[in-house]
There are 4 protein chains.
Amino acid sequence: MALSEMTTDAPRRGRPRSERSQRAILRAASDLLLEHGLSEISMDAVADRAGASKATIYRWWPSKELLVLDALLSEWASGTADAVDTGSLAGDLHELILPWTRQLTTKPWGRVIAALVASAQCDAQFAEEYRAHFVKLRREPGRTALVRASERGEIAADTDVDAALDLLYGPFYHRLLHGHAPLTERFARTIVEYVVAALSSPGRERR
Amino acid sequence: MALSEMTTDAPRRGRPRSERSQRAILRAASDLLLEHGLSEISMDAVADRAGASKATIYRWWPSKELLVLDALLSEWASGTADAVDTGSLAGDLHELILPWTRQLTTKPWGRVIAALVASAQCDAQFAEEYRAHFVKLRREPGRTALVRASERGEIAADTDVDAALDLLYGPFYHRLLHGHAPLTERFARTIVEYVVAALSSPGRERR
Amino acid sequence: MALSEMTTDAPRRGRPRSERSQRAILRAASDLLLEHGLSEISMDAVADRAGASKATIYRWWPSKELLVLDALLSEWASGTADAVDTGSLAGDLHELILPWTRQLTTKPWGRVIAALVASAQCDAQFAEEYRAHFVKLRREPGRTALVRASERGEIAADTDVDAALDLLYGPFYHRLLHGHAPLTERFARTIVEYVVAALSSPGRERR
Amino acid sequence: MALSEMTTDAPRRGRPRSERSQRAILRAASDLLLEHGLSEISMDAVADRAGASKATIYRWWPSKELLVLDALLSEWASGTADAVDTGSLAGDLHELILPWTRQLTTKPWGRVIAALVASAQCDAQFAEEYRAHFVKLRREPGRTALVRASERGEIAADTDVDAALDLLYGPFYHRLLHGHAPLTERFARTIVEYVVAALSSPGRERR
DNA sequence: TCCTAACCGAGACGGTACGTCGCGTCTTAGG
DNA sequence: CCTAAGACGCGACGTACCGTCTCGGTTAGGA
């Protein structure tokens, strides 16, 4: 509902928007998304399953991609989980990464995200929307943790934070999207360990 | 041509396959791919531009995805570039990564690859084909370099090679697919540096 | 419109069928039919000329044959011309046959009908539809005239009415479909004369 | 074989035409014709079933229609049956009509002929070929019989022979092509009887 | 005994049309 | 003003035939 809510201050006249339809549409989209790929689901099918009309969907969501993005967000409504300060970089990153990977692997969201990533390639506007809600949302807490670690002197002051964030998140997206190996908890711990080691390497510190 | 070539030893009967058509089709696919996204290009358009008939395309490529994969491979025909032994892990990884990122950034292949990644989510067979030709092809030289580094004692013997490879390649795919930051040479150098630092960290070695 | 109209009493929901499209499609079909043979016209061409979409055509007519049949009927909408009672068999048959042959010869319907006849050979359902709307529609007034003549004693009571109707209509269809000779008014008069002679022959009456 | 035989006097060099293929093709065409309609059979299917190549078919028959016509003629190779002089018009017509209707009804040739008739509508050259081999072939003996009857004084000297032939054959083609009633022997006898009555009607003679 | 012309099968080729499906828009009636 | 229903124009899908075109082989007569 995050995306389709355009809060106008005007005291809306006429029949109000049906919450029932809205929920049914997002639910239908989510369900179909887990069964098929984004390109395999049709607006007709969503409308059908939701018992809604296509016109109603298009009235509130300008495209299939944004509908799906909204459906995804409404499924993951919780979970922003502002960075907890555990006192160490390793601890902070664990707190960020482990719940996130668990969320990613409970259901086949990988293909949904992959499809959104693909859609984003041809639609700059949607790309921005997607990045704002998916990528940055996760990176910002990570950035906070890195800055804290830098202030504590745990990592170098001249650390390339953006590259470091890519070093952290990249491996997960890589496995999620390419599927060449599973996204296990063990893998998550290993990556966090490597990232911490990379950034806190004495060799770098001395430079 | 890698994919559509099924070398049968049997003495081919009937009219032989037209190499001209084959090339024209792959070229048309490549060209269109650089102009539009995978989902925006139609088989009709490819056939039209290639001066071929749709039937001919479907005779040799079972799906748009495999055609596009083939087109991509034929564009990048060269470039496997077996791992050069420079004597150091950092040198080896540079030799692998820098030419590859240069190749990725000369043309807008990002969206093509993203679309292929998306397609792979819903088609296990294509996913395997894609991974074999795109992902593994790049990982194997990296694996070789890591094994050499391990044998030289440059990195720990118990290094998780698969995770390390994801640590190396993940950040590049991340930026390529999400587009939140550019794939610069500077970025490549930084990531290689971090990866080397992560694996050769004295803290790890002593353990 | 006769064929594609399924009058349901239910209070029609949703957007109503577009009469404009319907008319344009039938018109396009008629026009193309007069220029080419049934097998030369394509649904694409009909859709194009009608400014309609193929889906709309297929929504209302299950096959090209039924569309063409409908187009033909809508062109000949009038003209059933219930048998007029002129007091004599010869007069009645003239009233039936002459306007009909004029209708048949004003435009090149011959090849259209021939094509429909051919199509009917392979599709029993369409054959029935065709016969009901084309053949029987004309035979019934003829049958009425014959029965009247029989009641008047003009022809034998034991006349084989079906054979007599074939004797009457067969020669016209023969020339129409085979084209070995023209369907002139003179020919029509001659056939009617022969048929009346055949049925009212004293030789037969006495038997 | 009648149609595809262009007897050149030149002493053909090279490999002679394969009679085996020719027979197989005609047989395949006949078989498929009895199972499906002309428009349902494809040259590919004929080639396949005959174990021949499409090129071979097109080398000898310029179109599907002419191939089918040839196949039909080769099935009915015999049967021209020059008019027998029985001494009476009724007898002569019986001799002509009864064997012919028997031939027409033994197998579902009706639809084949109907399809040829339809094809003839759009191809004047084929139409002529068809009429020459199918229609005229039957009409000529009929014409002979009528002329004899006229000379004997059995029918009027001013009889319109062409119309009379249409009166005779039309009803059969009508039932054959429209299928509204069966082509029984009883029907044949009735039509012949009516035709004789029509032509020999005293009313006409005296006029 | 070769040579070579004409045939043969197999099967790929550029096309055209098929009938279906999904898109995003529209036009109804009704809450 | 919103909703469900559903028809609309559009355009791509993957398939089936069309008639043509190479191929490698085969089968004759003439050299």
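Keep in mind it's a predicted model, so treat the numbers as computed, not measured.
- Heavy-atom nearest nucleotides on DNA chain E were determined for B/P16 and for C/P16, and the one closer to the 5' end corresponds to B/P16.
- Taking 4.0 angstrom as the limit, B/S21 places none of its side-chain polar atoms (N or O) nearer than this to OP1 or OP2 of E/dA12.
- Rounded to whole angstrom, the span from the CD1 atom of A/I57 across to the C1' atom of F/dC2 amounts to 15 Å.
- With rounding to the nearest 0.5 Å, the separation of CD in B/Q22 from CD in B/E19 is 6.0 Å.
- For the pair D/R20 CZ and F/dT27 C1', the interatomic distance rounds to 15 Å; values are reported in whole Å.
- In this structure, A/E19 atom CD and F/dT3 atom C1' are separated by 15 Å, rounded to whole Å.
- D/R15 contributes a side-chain N or O that forms a donor-acceptor pair with the base of E/dC7 under 3.5 Å.
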(request) Going 5' to 3' through nucleotides 10-16 of chain F, assign each nucleotide B (protein heavy atom under 4.0 Å from a base atom), S (under 4.0 Å only from sugar-phosphate atoms) or - (no protein heavy atom that close). (result) B-SBBB-

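- In this structure, the side chain of A/Q121 engages the main chain of A/V117 through a donor-acceptor pair within 3.5 Å.
- Judged by distance alone, with hydrogens and angles left aside, D/R17 brings no side-chain donor or acceptor close enough to the base of E/dC7 to form a pair under 3.5 Å.
- The closest side-chain heavy-atom distance from B/S63 to B/F126 is not below 4.5 Å.
- Every residue two or more places apart in sequence or in another chain that forms a side-chain contact (heavy atoms from CB on, under 4.5 Å) with B/P108 is listed here: B/L34, B/R111.
- For C/W61 and E/dG19, the CH2 to C1' distance is 16 Å, given to the nearest whole Å.
- The side-chain hydrogen bond (donor to acceptor under 3.5 Å, both in side chains) search around C/R59 returns none, not counting sequence neighbours.
- Considering only side-chain N and O atoms, D/W60 lies nowhere under 4.0 angstrom from the phosphate OP1 or OP2 of E/dA6.
- Between A/T56 and F/dA4, a side-chain N or O to OP1/OP2 separation shorter than 4.0 Å is present.
- Side-chain N or O atoms of A/E75 include none that pairs as donor or acceptor with a backbone N or O of A/A71 at under 3.5 Å.
- A donor and an acceptor atom never sit less than 3.5 Å apart when one is taken from the side chain of C/R13 and the other from the base of E/dT28.
- Shown here is D/E128, whose CD atom has more than 12 heavy atoms of other residues, nucleotides or ligands within 6.0 Å.
- The distance from atom CG of C/L66 to atom P of E/dG19 is 12 Å, rounded to the nearest whole Å.
- If you take CZ of D/R59 and C1' of F/dT22, they are 12 Å apart, rounded to a whole angstrom.
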